[in-house]
*Asks:* 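Below: one structure in structure tokens.
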Amino acid sequence: MNKPLVEIKNLKVIYNKGKSNEVRALDGVNLKIYPQEYVIFYGPSGCGKSTLLYAISGLQAPTQGETYFRGKDISKMTKEEMVGLHQKGTGMVFQAFYLIPSLNVLDNVCLPKVFRGESLGRRKEEGIKLLHRFSIVEQANKFPSQLSGGQKQRVSISRALVNNPELILADEPVGNLDSESAENVLQILKELNEIDKKTVILVTHNAEHLHFADRVIYMKDGRIIKEEVNKEKRPLEAGKEDIDIKLDELSDEMKILMRAFKNLSITQVGALLVPYKANQLMAHLISELTEEQVNSANAFLKELLFYNINLDDFRKSLDLSYNKGGAGWNKKRAESFSRRAGEIIKHSEIIKKEESKTAAISLSEYFANLFSLHLDGEIKLRLESFVKQRIENKIDRFEFQKKLDSSKILGGVGLNRLKAEKISREMEIIMLIKFSN
Ligand code: ADP
Ligand code: MG
């Protein structure tokens, strides 16, 4: 009960890898799903929802990373274990139903049982029960083409359930249905979760469905961008465990914040921190603006950090006049401000995505440009190594600043105090923005 049913670690799925049409469908996904949870994957078309669902079902092999089902790495399963996963572990429901046109309703439902060598009588008995339950028993002898969309989906749900799997995976199951049938199918999924105690994962791009789930995973561009908990069903330790793992990588300031929110998962805290991040970034970047200009820009900055708008929208919103819903800045300031914010966000993403060594090189170069540092070869390497240590949290912000400040002879970078302080502040803001966004 306390162990996750599904655990995904740094999962990447890249289609057409190395070719000109390469697609990063999943770009480093980490997720745990616990028994009896109802989880929704939500996001725009093409963000990787189906790919994630197929990875969980074992239908899509990872390019990198792992997917565990009941603690077993799916990609290392034997053939028999894989068959077991498909037949008894998971039941899948698709938008396009995938019923077999030449089989009647009852035979379609019982099909997964055929492969398990059960007798015809037993197979049909279970199938009829399910057809009863979902009020389609009168259709038992009809063919799929004779059914309405809603009926077809109830047949395919019956088929998914016939082997009594622990996990139901539904990929936009109501995408093709009228609103009444859609409601009916969503009620069935809810009931399977609440009454039958099945773990359910529903993929949808419809915001009206989100209230059905215990937990909503928001996806964009192959990544999880935030999480919302309607009802906490995970064991208490689940959240803590995440926090403990990540605590080592956090700055001391962040540790204090994490402790203040200790009953929340790291992703929840991440979302809660966005307003704080926006304030910090704002304070870092602005000087002589009016309070009104600052406040409205701050609101747009939050949208940017939530990935609700992109950098270009952000710049336009700053530039737009106040009575048109913008922040009322001038064009030049809007441009330079959004460029600065963009650089900081970009580098926070580099820290998150790249190895610390690669990230350190890129950040050092950024600092050198931003603060016009002229460093020779050896000193440049020193700076990179200090940045790397700060990224890995092996030194804190004060040690970092001291190393920048102290003289070259003493092993430092030999910058003046003011520059050392500016770089260290820039570094901290990048570390903060990086944190779980
Ligand atoms: P969603 O279900 O959120 O709409 P998908 O997981 O289907 O997203 O797709 C994610 C991305 O991967 C999209 O850009 C899609 O075009 C691409 N993609 C999906 N399947 C394939 C495939 N078999 N070959 C190449 N690209 C694919
Ligand atoms: Mg899809």
Side-chain angles (χ1 to χ4, degrees), residues 6-33 37-69 74-75 82 85-86 90-99 149-150 152-153 156-157 159-160 167-179 181-182 185-186 189 199-213 215-228 267 306-310 349 353 437:
V6 174
E7 180 166 4
I8 294 161
K9 288 190 188 167
N10 191 28
L11 184 69
K12 296 188 181 174
V13 172
I14 304 172
Y15 294 112
N16 310 315
K17 193 169 164 52
K19 298 192 188 138
S20 61
N21 56 348
E22 178 176 293
V23 181
R24 287 179 167 261
L26 293 179
D27 196 11
V29 169
N30 290 287
L31 181 65
K32 288 179 190 171
I33 295 173
E37 275 199 285
Y38 185 155
V39 175
I40 282 181
F41 296 165
Y42 174 74
S45 172
C47 71
K49 306 180 294 296
S50 298
T51 306
L52 185 55
L53 202 71
Y54 296 163
I56 292 172
S57 72
L59 294 173
Q60 173 65 55
T63 310
Q64 199 186 313
E66 295 107 48
T67 310
Y68 297 85
F69 186 82
I74 292 180
S75 64
M82 193 63 130
L85 173 67
H86 289 152
T90 63
M92 289 205 75
V93 181
F94 303 90
Q95 179 173 6
F97 319 124
Y98 296 133
L99 299 175
K152 279 185 202 161
Q153 200 52 295
S156 96
I157 291 173
R159 180 187 55 188
L167 174 63
I168 305 292
L169 303 166
D171 191 0
E172 312 241 11
V174 303
N176 279 338
L177 304 181
D178 61 83
S179 60
S181 311
V185 165
L186 291 168
L189 291 174
T199 311
V200 173
I201 305 177
L202 170 69
V203 164
T204 183
H205 64 256
N206 188 339
E208 286 171 24
H209 301 158
L210 301 184
H211 70 277
F212 280 100
R215 195 147 60 101
V216 181
I217 307 294
Y218 289 77
M219 295 183 65
K220 195 175 170 197
D221 299 334
R223 296 168 69 179
I224 294 176
I225 52 166
K226 79 172 162 152
E227 172 186 85
E228 236 163 49
T267 323
F306 267 129
Y307 292 94
N308 289 336
I309 57 174
N310 64 27
E349 282 169 359
K353 273 196 202 145
N437 56 359

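Counting starts at 1 for both ligands and their atoms, following the listed order. As a basis for the values below, the full set of heavy atoms in this structure was taken, side chains included, without hydrogen atoms, waters or symmetry mates.
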*Asks:* Specify whether Tyr54 and Phe94 have parallel, tilted or perpendicular ring planes, treating 30° as the upper limit for parallel and 60° as the lower limit for perpendicular.
*Replies:* tilted
*Asks:* Give, for atom NZ of Lys226 and atom NZ of Lys220, the distance between the pair rounded to the nearest 0.5 Å.
*Replies:* 12.0 Å
*Asks:* Ignoring hydrogens, just give me the one of Phe41, Tyr42, Tyr15 whose non-hydrogen atom is nearest atom 18 (N) of ligand 1.
*Replies:* Tyr15
*Asks:* What I want to know is whether Asn16 and ligand 1 share at least one N or O pair that is separated by under 3.5 angstrom.
*Replies:* no
*Asks:* Which residue and atom name correspond to the protein heavy atom nearest atom 9 (O) of ligand 1, and how close is it?
*Replies:* Thr51 OG1, 3.9 Å
*Asks:* Would you say atom 15 (C) of ligand 1 makes contact with the protein, given that contact here means a non-hydrogen protein atom less than 4.0 Å away?
*Replies:* no
*Asks:* When you compare the side chain of Asp27 with that of Asp221, does any pair of heavy atoms fall below 4.5 Å?
*Replies:* no
*Asks:* Please determine whether the number of non-hydrogen atoms from other residues, nucleotides or ligands lying under 6.0 Å from atom NE2 of His205 exceeds 12.
*Replies:* no
*Asks:* Can you pull out the closest protein heavy atom to atom 2 (O) of ligand 1? Residue, atom name and distance to 0.1 Å, please.
*Replies:* Ser50 OG, 2.8 Å
*Asks:* Does Ser50 put an N, O or S atom under 2.8 Å from the Mg ion (ligand 2)?
*Replies:* yes
*Asks:* Identify the closest protein heavy atom to atom 8 (O) of ligand 1: which residue and atom is it, and at what distance?
*Replies:* Gly48 N, 3.2 Å
*Asks:* Quick one: do Arg215 and Glu228 make a salt bridge, cutoff under 4.0 Å?
*Replies:* no
*Asks:* Does Ser45 have a non-hydrogen atom less than 4.0 Å from ligand 1?
*Replies:* yes
*Asks:* Can you tell me if Tyr15 and Thr51 form a side-chain donor-acceptor pair at under 3.5 Å?
*Replies:* yes
*Asks:* Scan the protein's non-hydrogen atoms and note whether one is under 4.0 Å from atom 23 (N) of ligand 1.
*Replies:* yes
*Asks:* Are the side chains of Leu202 and Glu172 in touch, meaning some heavy atoms are under 4.5 Å apart?
*Replies:* no
*Asks:* Counting each atom of ligand 1 from 1 as listed, which ones have a heavy atom of Ala25 under 4.0 Å away?
*Replies:* 10 (C), 11 (C), 12 (O)
*Asks:* Cation-pi between Lys49 and Tyr42: NZ/CZ under 6.0 Å from ring centre and within 45° of the ring axis?
*Replies:* no
*Asks:* Quick one: nearest non-hydrogen protein atom to atom 10 (C) of ligand 1, plus distance?
*Replies:* Gly46 O, 3.4 Å
*Asks:* Based purely on interatomic distance, does Val23 place a nitrogen or oxygen under 3.5 Å from a nitrogen or oxygen of ligand 1?
*Replies:* no
